[in-house]
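Below is one structure, written out as structure tokens, with a few remarks after it.
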Amino acid sequence: MGKRGTRVKIITPIRGERKKLVNMVVENANQGMQQLKVTRFVESGQNDEAMVELQEALSLPEKPSRIECYDISNIQGTNAVGSMVVFQDGKPKPSDYRRFQTKTVDQVDDYSMMREMLLRRFRRLVNPDKQSATDTSPSSKNSSWIEQPDLGLIDGGKGHLSSALQVFLDLGIQDIALASLAKENEELFVPQTPEPIVLPRNSNGLFLVQRARDEAHRFAITYHRKKRTKTTI
């Protein structure tokens, strides 16, 4: 007001197109902040320490050098998509990121959507010669499909973890560690352990799984937005 010389009127939209615009700006800002956090963590040089902390906290046989994180994005069940992001040695590896368009679930059911995505991802690992025409990867023969993760990280709580574990049981996978990260209290859940694993708030291990989770969410939201825009047009 001092610069303008007159009273400044600030409007806070509640509904309509202006409200949608504000929501989009907030969403873009959140995604930008998530990417900045990933960049700063990678540049901190504490990746190895973070992997060691995760190894100890989750009782893994070795450091989780390759972490794959999975997320589902949908709004009231429409244009549901899944994302897989990869952190190699604590750093994002975008060349191995994958997107999945939900094909078999036509209702709001995150657990079923998660099962479908993980089934399609790990079926390729178990049977690399079998190709699926439903995956949206640029090349269905990309060698990253047969890269085995040291840790599969699910965005969600116990229910999402149970869905992932069922897929592993169906496919006979026994040598890949699984964990889920529940956002409300930032708790980690692992199979056969009823109580959550709570890492210190300043733990580099926690920062690493948070960055992976946020990156998976950003990647899923970006794809979901593209599909939503295409459907609208």
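Because the structure is a prediction, the values reported are computed rather than measured.
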Would a 4.5 Å heavy-atom cut-off, applied to side chains only, mark [X] and [Y] as touching?
X    : Y    : result
L161 : P191 : yes
Q101 : K103 : yes
P94  : F219 : no
F100 : M113 : no
N47  : D89  : no
R213 : D71  : no
E186 : S203 : no
D175 : I173 : yes

Side-chain donor-acceptor pairs of residues 57-67 under 3.5 Å, sequence neighbours excluded:
| residue | atom | partner | partner atom | Å |
| --- | --- | --- | --- | --- |
| K63 | NZ | D48 | OD1 | 2.4 |
| R66 | NE | E68 | OE2 | 3.1 |
| R66 | NH1 | D96 | OD2 | 2.9 |
| R66 | NH2 | E68 | OE2 | 3.1 |
| R66 | NH2 | D96 | OD2 | 3.4 |

Between [atom1] of [X] and [atom2] of [Y], what distance do you get to the nearest 0.5 Å?
X    : Y    : atom1 : atom2 : answer
S180 : L165 : OG    : CG    : 10.5 Å
L119 : S112 : CG    : OG    : 12.0 Å
L188 : L181 : CG    : CG    : 5.0 Å

By salt bridge (Lys or Arg N to Asp or Glu O under 4.0 Å) - contacts of [X] (at least two apart):
X    : answer
K158 : none
E147 : none
R115 : none
E53  : none

Pairs touching residues 157-184 that satisfy ring pair (Phe, Tyr, Trp, His ring centres under 6.0 Å), sequence neighbours left out: Y111-H160, F122-F168
Contacts of type side-chain contact (heavy atoms from CB on, under 4.5 Å), residue A164, not counting sequence neighbours: L118, I154, L178
Under the side-chain contact (heavy atoms from CB on, under 4.5 Å) test, residues paired with V198 that sit two or more places apart: E187
Quick one: list whatever passes side chain to side chain donor-acceptor pair (under 3.5 Å) with [X], sequence neighbours left out.
X    : answer
D170 : Q166
D155 : none
D150 : none

Hydrophobic cluster membership, V52 vs V190, 4.5 Å side-chain cutoff: no
Side-chain donor or acceptor of S73 paired with backbone N/O of V81 under 3.5 Å: no
Ring pair (Phe, Tyr, Trp, His ring centres under 6.0 Å) against F189, all qualifying residues, sequence neighbours excluded: none
Any idea which heavy atoms bring [X] and [Y] closest together, and the distance?
X    : Y    : value
T102 : E116 : CG2-OE1, 3.3 Å
P92  : Y97  : CB-OH, 3.3 Å
R121 : P149 : NH2-CD, 4.2 Å
M51  : L208 : CG-CD2, 4.0 Å

Matching residue for D214 among R218, R211, H217 - test: side-chain contact (heavy atoms from CB on, under 4.5 Å): R211
